[in-house]
Colleague: 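Shown below is the structure under consideration.
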Amino acid sequence: MRKKLTKAIFPVAGMGTRFLPATKAIPKEIMTLVDRPLIQYAIDEAREAGIKEFIFVTSRGKSALEDYFDHAPQLEQELRKKGKDDLLRILKSTNMDSGAIAYIRQHRALGLGHAVHCARRLIANEPFAVILPDDVIDGEQGCLKQMLDVYEETGGCMVAAMEVPQEKTSSYGVLDVADDMGSLVSVKGMVEKPKAEDAPSNLAVIGRYILTPDVLRNLNRQDAGAGGEIQLTDAIAKQIGTEKGVYGYRFRGQRYDCGSKSGFLQATVAFGLARDDLRDDLLSYLDEIAVSRKAAE
Ligand code: G1P
């Protein structure tokens, strides 16, 4: 029987330089879409897929993340005294059970593959998920849960995938498709950040992965790749042609690139509009802007 997927790695060691000066004092993953930090969206998606152990690969300056997932007895007591049950409920979603969360430091910024490799001793011989919190995916069902349902049939390695404009392929891992079965594709090649003219397709890897422990073994011996970094893409590509192979999964949902300012702003607007308590105000403000822009033209 296939081993259950219970562990997820969250690589959160990046310095977030694109969001300086904000990220001088707070981790990028604590930046909020409306009132929930990026990392909360990632954790909720993992929980929906049945993940029980959460492994954070962090770096210097990320201790706010540890506090965020810790219990806050004083705050909880205050809220309880004041009868603020709704706020208490919200706080509860940030609490992690003792032992459910682990923090590992990546001491040198050697790339995403290296970050994942740092967590190898906590994974042992079982499949694991990787979630990049920069990629926020809004859908009726979480992206990882969608992937898990298909993975239960396929086994092997699976990456989330999405078509991007050809000129953007150099920002992504890109799939060379062997067999296109609709939402699922089997993969015969994977290239990290190819130039548009060299990209095998425009089907890009998005930050959700279900991986076999073989990938960790590949990372033991993985040379630096694109950008001089140890790339997760290259270690996954080594599984192509093995018995279980590698798959891409075209998920249902809207992906926001919250590693970029414009993607972050778009997500802020979208999540704001999705909230009953904010929609009307925000919509009328957006209408106002549209009207005054038209008038200025
Ligand atoms: C990482 C991966 C890349 C993937 C991307 C998705 O790149 O290396 O393969 O397509 O995430 O967001 P990064 O954005 O960290 O440079």
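In listed order, ligands and their atoms are each counted from 1.
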Colleague: Could you tell me, atom by atom, which parts of ligand 1 come under 4.0 Å of a heavy atom of Lys193?
Modeller: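 Numbered from 1, ligand 1 contributes 7 (O), 8 (O), 13 (P), 16 (O).
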
Colleague: Give a yes or no on whether a salt bridge exists between Glu76 and Lys92, defined as a side-chain N under 4.0 angstrom from a carboxylate O.
Modeller: no

Colleague: Run the side-chain hydrogen bond (donor to acceptor under 3.5 Å, both in side chains) check on His114 and Glu229 step by step: do they pass?
Modeller: CA-CA 8 Å; His114 179 258; Glu229 297 190 337; over 6 Å; no

Colleague: Okay, side chain of Ser170, backbone of Lys195: is any donor-acceptor separation there less than 3.5 Å?
Modeller: no

Colleague: Tell me: protein heavy atom nearest atom 4 (C) of ligand 1, and distance?
Modeller: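 Closest protein heavy atom to atom 4 (C) of ligand 1: Val205 O, 3.4 Å.
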
Colleague: Under 3.5 Å between any N/O of Ser171 and any N/O of ligand 1: does that happen in this structure?
Modeller: no

Colleague: Taking only heavy atoms of Asp135 into account, list the atoms of ligand 1 that are under 4.0 Å away from them.
Modeller: 6 (C), 12 (O)

Colleague: On the 0 to 90° scale, with breaks at 30° and 60°, tag the Phe54-Phe10 ring pair as parallel, tilted or perpendicular.
Modeller: parallel

Colleague: Could you identify the single nearest non-hydrogen protein atom to atom 1 (C) of ligand 1 and state the distance to 0.1 Å?
Modeller: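 Nearest protein contact, heavy atoms only, for atom 1 (C) of ligand 1 is Leu132 CD1, 4.0 Å.
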
Colleague: Please compare Met162, Gln231, Glu192, Arg255 and report which has the shortest non-hydrogen distance to atom 2 (C) of ligand 1.
Modeller: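 Comparing heavy atoms across Met162, Gln231, Glu192, Arg255, the nearest one to atom 2 (C) of ligand 1 lies in Glu192.
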
Colleague: Can you see which heavy atom on Leu144 is nearest to which on Ala46, and at what distance?
Modeller: CD2-CA, 4.2 Å

Colleague: I need the minimum non-hydrogen distance between Ala199 and Gln166, along with the two atoms involved.
Modeller: CB-NE2, 3.7 Å

Colleague: Is there at least one protein heavy-atom neighbour under 4.0 Å from atom 11 (O) of ligand 1?
Modeller: yes

Colleague: When you measure from the side chain of Arg36 to the backbone of Tyr41, do you find a donor-acceptor pair of N or O atoms at a distance under 3.5 Å?
Modeller: no

Colleague: Which ligand 1 atoms are under 4.0 Å away from a heavy-atom of Gly173?
Modeller: 3 (C), 4 (C), 9 (O), 10 (O)

Colleague: With heavy-atom distances below 4.0 Å as the criterion, list the atoms of ligand 1 near Thr233.
Modeller: 9 (O)

